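Notes follow the structure.
Keep in mind it's a predicted model, so treat the numbers as computed, not measured. Start at 1 and go down the list; that is how both ligands and their atoms are numbered. Just so it is clear, the values below take in all heavy atoms, side chains as well, and ignore hydrogens, waters and symmetry mates.
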Amino acid sequence: MRYAILSKGDAKSEALKHKMQTHMKDFKMIEDVENPEIVISVGGDGTLLQAFHQYSHMLAQCAFVGIHTGHLGFYADWLPHEVEKLIIEINNSEFQVIEYPLLEMIVRYNDKGYETRYLALNEATMKTENGTTLVVDLDIRGQHFERFRGDGLCISTPSGSTAYNKALGGALIHPSLEAIQIAEIASINNRVFRTVGSPLVLPKHHTCHVKPVNHDVILTTVDHVSVKHKNVNTIQYRVANEKIRFARFRPFPFWKRVHDSFISSGETL
Ligand code: NAP
């Protein structure tokens with residue numbers, strides 16, 4: 001088994017990483033950061049987001065596992081004291097793989113013959129670069145839907161629905177549903193300007209195009225990464241064909257993770 005470990009970089013995560021490397025060597029497992037079959041993140045959900053972006057070019061070949069050294073995570077759901085058990089499981093068993101949908105974002109420019117494509121595990125957002133009102137036309141499936149005015153838009157995956165999307169009042173979506181969710185960030189609504197006001201959930205075969213109105217620069221985020229784009233014509237969002245694969249060694253249902261993270265960690269459903 002070829003593995004790679006990515007740590008958050010703090011003392012606790014680094015120590016755990018080194019402990020795991022020693023144990024995995026004993027099991028004759030091979031550390032291969034270029035071509036791993038299993039990618040282990042040690043830290044939090046943010047660390048797993050980084051691991052995802054580091055290996056997003058080889059999602060079909062590798063499976064991810066997250067260990068949390070802080071609080072319970074949605075992607076990082078193993079505890080530091082469980083690492084020996086986890087290593088034995090990785091070494092012994094044919095693990096189950098669970099796939100979660102991803103978001104594809106394609107930026108097209110007015111003056112360039114190329115486009116840039118991104119994959120998000122949590123979400124992509126669009127805003128203006130200086131915090132002024134974003135004005136964009138939103139098309140769904142080729143039909144004009146609305147002109148949005150406000151702080152921005154957040155387009156999330158089902159597994160990202162518990163992150164920024166949740167803070168915006170979006171719904172929590174089970175990751176077995178291949179969908180994306182569009183949530184408004186502080187829309188302007190009055191007698192003159194009108195948006196739908198509710199988060200929209202789009203199925204896999206529906207594409208959304210967002211066209212800036214009179215903006216030279218658009219600020220996008222893709223998970224923890226922010227990028228400024230000049231001269232944007234449209235930004236396209238849809239469910240990606242690729243999926244992220246998680247190695248599962250025990251059941252930990254999504255709704256239990258929601259319960260334990262947001263309601264109470266002591267009780268079971
Ligand atoms: P960060 O400020 O370190 O992360 C923000 C928080 O979001 C952390 O507590 C992180 O958990 C948690 N998180 C990440 N993915 C999650 C998920 N799928 N479900 C529930 N919680 C999740 O920033 P970062 O490490 O660069 O992460 C970027 C993420 O921050 C973005 O993808 C976005 O979702 C989130 N964010 C949230 C808000 C908000 O809620 N108002 C605003 C901006 C961005 P860990 O502590 O375990 O890493």
Side-chain angles (χ1 to χ4, degrees), residues 5-14 16-17 39-54 56 64-80 82 98-105 118-129 131 134 150-187 199 201 219-227 237 239-240 243-246 248 252-265:
I5 305 181
L6 198 131
S7 140
K8 187 178 177 180
D10 61 299
K12 191 175 177 186
S13 305
E14 282 295 297
L16 196 60
K17 176 182 169 176
V39 175
I40 302 163
S41 84
V42 181
D45 284 334
T47 322
L48 199 127
L49 288 179
Q50 286 177 22
F52 164 74
H53 284 275
Q54 188 165 326
S56 62
F64 293 80
V65 183
I67 301 168
H68 64 88
T69 50
H71 57 92
L72 170 70
F74 272 82
Y75 304 118
D77 54 15
W78 283 81
L79 290 160
E82 297 176 311
I98 292 191
E99 296 185 329
Y100 281 3
L102 299 169
L103 168 73
E104 178 193 71
M105 173 175 104
Y118 301 84
L119 287 179
L121 175 55
N122 268 354
E123 77 285 291
T125 66
M126 70 184 295
K127 295 179 182 174
T128 60
E129 68 167 335
L134 177 79
D151 282 3
L153 292 168
C154 171
I155 301 94
S156 62
T157 64
S159 60
S161 67
T162 50
Y164 195 7
N165 168 75
K166 184 176 185 297
L168 298 169
L172 303 189
I173 298 191
H174 195 279
S176 61
L177 298 175
E178 291 191 82
I180 56 170
Q181 181 168 189
I182 305 170
E184 298 179 350
I185 308 173
S187 58
V201 178
L219 178 67
T220 64
T221 63
V222 176
D223 298 331
H224 56 293
V225 183
S226 54
V227 185
Y237 302 94
V239 177
K243 289 188 168 190
I244 184 169
R245 301 162 71 243
F246 288 100
R248 277 279 180 272
F252 195 175
F254 178 75
W255 296 121
K256 171 135 179 65
R257 265 178 284 159
V258 171
H259 173 271
D260 290 358
S261 296
F262 297 114
I263 299 174
S264 158
S265 58

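Using a heavy-atom distance under 4.0 Å as the criterion, the protein contacts of ligand 1 are Gly44, Asp45, Gly46, Leu49, His71, Phe74, Tyr75, Asn122, Glu123, Ser159, Thr162, Ala163, Tyr164, Ala167, Asp223, His224.
With respect to the salt-bridge test (charged N to carboxylate O, under 4.0 angstrom), the residues Glu14 and Lys8 do not qualify.
Across all their heavy atoms, Leu177 and Pro101 have their closest contact at O-CG, 3.5 Å.
Under the rule for a side chain to side chain donor-acceptor pair (under 3.5 Å), the partners of Asn122 that lie at least two apart in sequence or sit in another chain are Tyr75.
Test Asn165, Leu103, Thr125 against Ser156 for side-chain contact (heavy atoms from CB on, under 4.5 Å) and you get one pass: Asn165.
A donor-acceptor contact closer than 3.5 angstrom links the side chains of Asp223 and His53.
Between Val239 and Leu102, the closest side-chain pair of non-hydrogen atoms is not below 4.5 Å.
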